[in-house]
Novice: 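Encoded as structure tokens, here's the structure I'll be asking about.
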Amino acid sequence: MSEENTENKQADREQKDFIRQIIDRHNESGRFGGRVHTRFPPEPNGYLHIGHAKSIVLNFTIAEDYGGKTNLRFDDTNPTKEEQEYVDSIIEDVHWLGFDWEDRLFFASDYFERMYEYALQLIRQGDAYVDSQSAEEISRNRRGPTESGVVSPYRERSVEENLDLFKRMAAGEFADGECVLRAKIDMNSPNLNMRDPVMYRILHKSHHRTGDTWCIYPMYDWAHGLEDSIEGITHSICTLEFENHRPLYDWFLDRLGAYHPQQIEFARLNLSYTVMSKRLLMQLVQENYVDGWDDPRMPTISGMRRRGYTPEAIRAFAERVGVSKTNSMVALALLEHMLREDLNKRAIRVMVVLDPVRLVIENYPEGEVEWFEGENNPEDPEAGGRKIPFSRELYIEAADFMEDPPKKFFRLAPGREVRLKHAYYVTCTGVERDAEGNITEIRATYDPATRGGWSEDGRKVKGTLHWVSAAHAADVQVNHYSTLFTREDLSDLDEGESFFDYLNPESKTVLTGCKAEPWLAETAGGAAGAEAGGAPSTGAEAGAAGGAEAQAVGASSTGAGAGAAARRGSSVYESDSPANIRYQFLRKGYYVLDQPVRGGIGSGRSDDKGKRTLVFNQTVTLRDTWAKIAKKQKG
RNA sequence: UGGGACGUAGGCAAGCGGUAAGCCACCGGGUUUUGGUCCCGGCAUGCGCAGGUUCGAAUCCUGCCGUCCCAGCCA
């Protein structure tokens with residue numbers, strides 16, 4: 001390690017989060033012999049979301065920082081809620097985020113036998129008993145915060161009777177709810193969790209891994225510390241609501257005389273305009289408010305992946321928000337900032353006209369086509385370039401033209417000159433209208449001396465527009481998204497209000513008939529075709545749009561530029577697929593080819609002639625200063 | 001009215017008795033063939049409130065106030 005690095009480490013020391021400071025203290029005292037071993041312990045009862053990502057990043061990076069290890073462990077102690085589908089998705093998501101647990105994939109259910117033995121030990125020690133009260137009685141007798149609890153009439157059963165009863169519970173001699181195993185702690189504790197918590201309940205339900213081997217299942221408080229202990233975890237990091245459970249965590253391990261990790265609690269992530277509760281996300285999916293767990297509007301890892309988020313952006317975000325014990329809500333804007341920061345470096349720039357209007361260059365020869373070179377990424381010269389066809393009839397963005405422009409609008413308007421990116425300066429000469437007076441096309445002339453998009457006479461233009469040659473354009477579908485909810489803070493709803501009162505009816509907008517430069521259809525179409533497996537070759541599409549010439553040139557430049565870019569664009573954590581290329585639609589935003597879990601990449605939607613249309617998802621918009629100015633001018 | 005925790009800028013968050021880091025947002029300006037990126041500057045006489053200790057307090061003490069969590073055979 002260089003001296004500079006050492007100094008940086010020293011400097012960083014001051015900035016460490018409170019968890020790392022605790023670990024430092026442990027390392028100084030030698031409590032865990034300098035060892036650091038964390039775990040990420042999801043319950044497989046739903047898909048992972050951005051809040052889990054914070055925890056995943058925390059646990060794995062802490063281990064990395066200290067040269068330790070992290071286990072992936074499924075806390076599958078409740079067969080009524082857990083399913084294999086969720087374990088599969090969780091494994092995929094943690095991997096996608098870029099973390100590796102090597103051979104340390106564990107399941108709480110693998111420890112059921114040992115937990116059972118430990119329970120026997122507690123019973124023998126007189127620290128646990130079988131309670132035959134009903135669930136309702138147990139709950140009632142626990143009483144509330146202001147009064148002490150009432151002890152169970154079964155609390156003083158003999159060790160022998162408890163042993164017998166518990167074994168018969170496990171043997172299936174009782175029906176669900178007939179009795180439970182409880183820890184004998186303190187019915188007068190001000191901490192309700194210590195009032196003889198339930199350790200085992202009877203559940204005659206098949207488990208996704210252990211099948212029908214067990215009909216008693218351990219409760220969280222009993223199981224979790226044992227799982228950590230068995231795996232030799234040093235720091236068991238969890239969220240704030242478990243703070244009240246720590247005395248229990250400690251009590252069990254102390255009574256058992258078992259290896260004892262340190263539980264540490266931190267504040268979970270809350271994000272503005274979104275909701276993180278599994279219950280609600282589940283409801284959104286099941287009641288079809290969204291198109292599944294991987295709907296690009298969902299805060300799930302799979303949804304964000306489909307939306308075009310990169311693992312790097314999510315990880316950078318998780319590290320940037322910090323770790324503390326303060327309940328807080330992070331601005332969505334910060335997530336989007338980290339996203340743009342990453343995407344700006346890697347996205348391939350292409351021109352796509354989302355809301356097209358025809359632009360006719362009156363003095364440009366009919367039938368002539370010029371091919372301009374476009375850089376794929378100004379942030380990365382190695383990304384190469386591509387050829388873009390230019391002709392007499394183009395499409396430009398409808399919003400880039402105004403007949404009666406306000407102040408500070410420096411795009412196209414009658415008599416105004418602007419630059420067409422990579423091509424020429426053009427001056428607007430007028431518009432054509434239909435019978436209703438709607439503009440059907442914009443007319444302009446170009447200056448042949450500005451070839452390439454700049455002028456030797458030093459003349460400046462204020463606006464630069466993106467465009468697509470009409471004859472070469474490929475039709476694509478583009479999905480725009482905004483927040484699922486219209487309310488910033490969903491945690492402070494008033495009595496009688498529901499999350500659904502704040503569902504955003506405009507969270508998804510489908511744009512059809514968008515016009516893309518042929519190169520995009522060529523590369524993305526190829527990716528979609530390849531990934532979809534057996535889908536019709538996209539060559540036909542490109543050919544239909546741009547003709548043989550476009551196809552040939554597009555293909556050759558693909559080999560040079562896009563291939564290399566694609567390799568960089570896909571992170572080391574992703575498959576090296578061209579379908580993972582992130583695009584920047586110039587002046588608009590970042591986009592990615594739609595890749596639903598089911599249905600094939602690019603969605604492969606067909607029109608009535610059976611031609612496939614590529615579908616892109618908007619990941620995030622570019623910062624739009626003009627929109628801000630325009631808004632200010634209006635109001 | 002019990003217990004556990006937390007209050008530093010609009011949002012996060014450092015700070016650990018020596019005179020308020022950083023990031024986002026926002027506001028100015030510069031560069032620019034993306035109104036993007038990038039660069040420069042501004043943004044807490046103040047740390048929930050009130051007392052106290054001290055030469056000196058966001059940091060220590062006392063008392064208030066506010067917010068969150070806990071009464072599942074969920075995790």
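By convention in this document, chain letters (A, B, ...) are assigned in the order of the sequence lines, proteins followed by strands, and residues within each chain are numbered from 1. Because only heavy atoms are used, hydrogens play no part in the values below, and waters and symmetry mates are left out as well, while side chains stay in.
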Novice: Expressed as a whole number of Å, how far does the C1' atom of B:rA25 sit from that of B:rA71?
Specialist: 41 Å
Novice: Who does B:rC68 pair with, Watson-Crick or G-U, both distances under 3.5 Å?
Specialist: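 Base partner found: B:rG4.
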Novice: Side chain of A:Lys421, heavy atoms from C-beta onward: which of B:rU34, B:rU1, B:rG35 has the nearest atom to it?
Specialist: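 My answer, after comparing the listed nucleotides, is B:rU34.
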Novice: Using the benzene-type ring in the case of Trp, are the ring centres of A:Phe166 and A:Tyr116 under 6.0 Å apart?
Specialist: yes
Novice: Rounding to a whole Å, what distance do you find between A:Leu240:CG and B:rU67:P?
Specialist: 17 Å
Novice: Could you let me know what B:rC49 is paired to, Watson-Crick or G-U wobble, both distances under 3.5 Å, or none if it's on its own?
Specialist: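 Answer to the pairing question: B:rG63, which forms a Watson-Crick or G-U pair with B:rC49.
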Novice: Can you tell which of B:rG35, B:rC74, B:rG28 lies closest to the side chain of A:Lys632?
Specialist: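 In terms of side-chain proximity for A:Lys632, the closest of B:rG35, B:rC74, B:rG28 is B:rG28.
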Novice: When we call it a touch if two heavy atoms are under 4.0 Å apart, what does A:Tyr200 touch: a base, just sugar-phosphate, or nothing?
Specialist: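 It contacts nothing in the nucleic acid.
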Novice: Let me know which of A:Tyr424, A:Phe390, A:Tyr395 forms a ring pair (Phe, Tyr, Trp, His ring centres under 6.0 Å) with A:Trp467.
Specialist: A:Phe390
Novice: Using the P atom in both, what is the distance from B:rG30 to B:rG36, to the nearest Å?
Specialist: 13 Å
Novice: Rounded to whole angstrom, note down the P distance from B:rA57 over to B:rC49.
Specialist: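 Roughly 15 Å separates the two P atoms.
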Novice: Please determine whether a side-chain nitrogen or oxygen atom of A:Ser328 lies at a distance below 4.0 Å from atom OP1 or OP2 of B:rA13.
Specialist: yes
Novice: If you check the A:Pro190 side chain, which of B:rC12, B:rG2, B:rC68 turns out closest?
Specialist: B:rG2
Novice: Rounded to the nearest Å, what distance is computed from the CG atom of residue A:Asn376 to the P atom of nucleotide B:rU37?
Specialist: 20 Å
Novice: Ignoring the backbone of A:Arg201, work out which of B:rA71, B:rG35, B:rA75 is nearest its side chain.
Specialist: B:rA75
Novice: When only distance counts, do a donor and an acceptor, one from the side chain of A:Asn244 and one from the base of B:rC69, lie under 3.5 Å apart?
Specialist: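 Pair found.
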Novice: Would you check, one step at a time, whether the test side-chain contact (heavy atoms from CB on, under 4.5 Å) holds for A:Glu379 with A:Arg349?
Specialist: CA-CA 10 Å; A:Glu379 307 293 320; A:Arg349 272 64 169 175; 3.9 Å; yes
Novice: Rounding to the closest angstrom, what is the interatomic distance between B:rG42 and B:rC6 at atom P?
Specialist: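 The same atom, P, in both gives a distance of 35 Å.
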Novice: Could one point to a donor on the side chain of A:Glu243 or the base of B:rC70 with an acceptor on the other under 3.5 Å away?
Specialist: no
Novice: Can you tell me how far OG of A:Ser229 sits from NE2 of A:His224, rounded to the nearest 0.5 angstrom?
Specialist: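 Result: 11.5 Å between the selected atoms.
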Novice: My understanding is that only one of A:Tyr583, A:Phe616, A:Phe585 makes a ring pair (Phe, Tyr, Trp, His ring centres under 6.0 Å) with A:Tyr591; could you say which?
Specialist: A:Phe585
Novice: Hey, does the side chain of A:Arg142 come within less than 4.0 Å of B:rC73's phosphate (OP1/OP2), counting only N and O?
Specialist: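 Yes, because at least one side-chain N or O of A:Arg142 sits under 4.0 Å from OP1 or OP2 of B:rC73.
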Novice: Please indicate yes or no: is the ring centre of A:Tyr220 less than 5.5 Å from the centre of the six-membered base ring of B:rA75, with the two planes inclined by under 30 degrees?
Specialist: no
Novice: According to a strict under-4.0 Å criterion, is A:Arg623 in side-chain N/O contact with OP1 or OP2 of B:rU37?
Specialist: yes
Novice: Within this structure, what is the CG-to-P distance between A:Asp75 and B:rC74, rounded to whole angstrom?
Specialist: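 Roughly 13 Å, once rounded to whole Å.
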Novice: We want to know whether A:Ser134 and A:Glu136 form a side-chain donor-acceptor pair, criterion being a heavy-atom distance below 3.5 angstrom.
Specialist: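 No - no donor-acceptor pair under 3.5 Å links their side chains.
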Novice: Need the pair for B:rC12. Rule: Watson-Crick or G-U wobble, both distances under 3.5 Å, any strand; none if unpaired.
Specialist: B:rG22
Novice: Of all the choices, B:rA71, B:rC12, B:rG72, which nucleotide is nearest to the side chain of A:Met329 once you look at every atom?
Specialist: B:rC12
Novice: In whole angstroms, how far is the P atom of B:rC24 from the CZ atom of A:Arg340?
Specialist: 12 Å
Novice: How long is the span from the CZ atom in A:Arg143 to the CG atom in A:Asn188, to the nearest 0.5 Å?
Specialist: 11.5 Å
Novice: Considering only atom C1', compute the distance from B:rG22 to B:rG29 and round it to an integer number of Å.
Specialist: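 Between the two C1' atoms, the distance is 23 Å.
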Novice: Could you give the CZ-to-P distance, from A:Phe74 to B:rC74, as a whole number of Å?
Specialist: 21 Å
Novice: Does the side chain of A:Glu43 come under 3.5 Å of the side chain of A:Tyr220 through a donor N or O and an acceptor N or O?
Specialist: no
Novice: Take atom CE of A:Met199 and atom P of B:rG72, then tell me their distance rounded to the nearest Å.
Specialist: 19 Å
Novice: Could you say whether A:Phe409 or A:Leu334 is positioned toward the 5' end of RNA chain B, judged by the nucleotide with the nearest heavy atom to each?
Specialist: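 The residue closer to the strand's 5' end, by nearest nucleotide, is A:Leu334.
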Novice: Which residue lies toward the 5' end of RNA chain B, A:Val321 or A:Trp454, if each is placed at its nearest nucleotide?
Specialist: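 Between the two, 5'-proximity favours A:Val321.
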Novice: OP1 or OP2 of B:rA75 less than 4.0 angstrom from a side-chain nitrogen or oxygen of A:Thr77, does that happen here?
Specialist: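 Checking B:rA75 against A:Thr77, a side-chain N or O does come within under 4.0 Å of OP1 or OP2.
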Novice: For the side chain of A:Val180, counting heavy atoms from C-beta on, which of B:rG3, B:rU34, B:rC73 is nearest?
Specialist: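 The nucleotide sitting nearest to the side chain is B:rC73.
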Novice: Would you state whether a donor and an acceptor, one from the side chain of A:Glu265 and one from the base of B:rG4, lie under 3.5 Å apart?
Specialist: no
Novice: Mind checking the P distance from B:rU53 to B:rC69? Whole angstroms is fine.
Specialist: 39 Å
Novice: Could you measure between the two C1' atoms, the one in B:rG56 and the one in B:rA20, and give it in whole Å?
Specialist: 15 Å
Novice: Without decimals, in angstroms, what is the distance between A:Arg587 CZ and B:rG36 C1'?
Specialist: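 Result: 10 Å.
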Novice: Can you identify which nucleotide, out of B:rC69, B:rC24, B:rG28, has its nearest atom closest to the A:Glu241 side chain?
Specialist: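 Out of B:rC69, B:rC24, B:rG28, the nucleotide with an atom closest to A:Glu241's side chain is B:rC69.
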Novice: Give a yes/no on whether any side-chain N or O of A:Thr326 is located under 4.0 angstrom from OP1 or OP2 of B:rC12.
Specialist: no
Novice: Nearest 0.5 Å, what's the CD1-CG distance between A:Ile233 and A:Asp228?
Specialist: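 Interatomic distance, A:Ile233 CD1 to A:Asp228 CG, rounded to 0.5 Å: 5.5 Å.
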Novice: Considering just the side-chain nitrogens and oxygens of A:Lys81, establish if one lies under 4.0 Å of OP1 or OP2 belonging to B:rC73.
Specialist: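 No, because none of the side-chain N or O atoms of A:Lys81 sits under 4.0 Å from OP1 or OP2 of B:rC73.
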Novice: Check every strand shown and say whether A:Ile202 touches a base, only sugar-phosphate, or nothing at a heavy-atom separation below 4.0 Å.
Specialist: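 No contact at all - A:Ile202 keeps every heavy atom at 4.0 Å or more from the nucleic acid.
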Novice: Check the distance between B:rC23's C1' and A:Leu335's CG and give it to me in whole angstrom.
Specialist: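 After rounding, the reported distance stands at 14 Å.
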Novice: Have A:Asp342 and A:Tyr309 got a donor and an acceptor in their side chains that come within less than 3.5 Å?
Specialist: no
Novice: Ignoring backbone atoms, test whether A:Lys628 places a side-chain nitrogen or oxygen under 4.0 Å from the OP1 or OP2 oxygen of B:rC26.
Specialist: yes
Novice: Nearest of B:rG4, B:rC68, B:rC74 to any side-chain atom of A:Glu43?
Specialist: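 Shortest atom-to-atom distance from the side chain points to B:rC74.
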Novice: So if I take every side-chain heavy atom of A:Ser324 and compare against B:rA71, B:rA75, B:rA13, which nucleotide ends up nearest?
Specialist: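 Taking heavy atoms from C-beta onward, the closest nucleotide is B:rA13.
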Novice: Is any side-chain N or O of A:His337 closer than 4.0 Å to OP1 or OP2 of B:rC24?
Specialist: yes
Novice: Any idea if B:rG66 is syn or anti, going by the 90°-from-0 cut?
Specialist: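 Anti, which is what one calls it when the glycosidic angle falls more than 90° from 0.
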Novice: In Watson-Crick or G-U wobble terms, both distances under 3.5 Å, what is the partner of B:rA75?
Specialist: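 Matched B:rA75 with nothing under the 3.5 Å cut-off.
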Novice: Quick check for you: among B:rC70, B:rC73, B:rG35, whose closest atom lies nearest to any side-chain atom of A:Arg411?
Specialist: B:rG35
Novice: What integer number of Å spans the P atoms of B:rG46 and B:rG66?
Specialist: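 One P to the other, the span is 24 Å.
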Novice: Phosphate oxygens OP1/OP2 of B:rC23: is one of them under 4.0 Å from a side-chain N or O of A:Gln15?
Specialist: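 Result: no.
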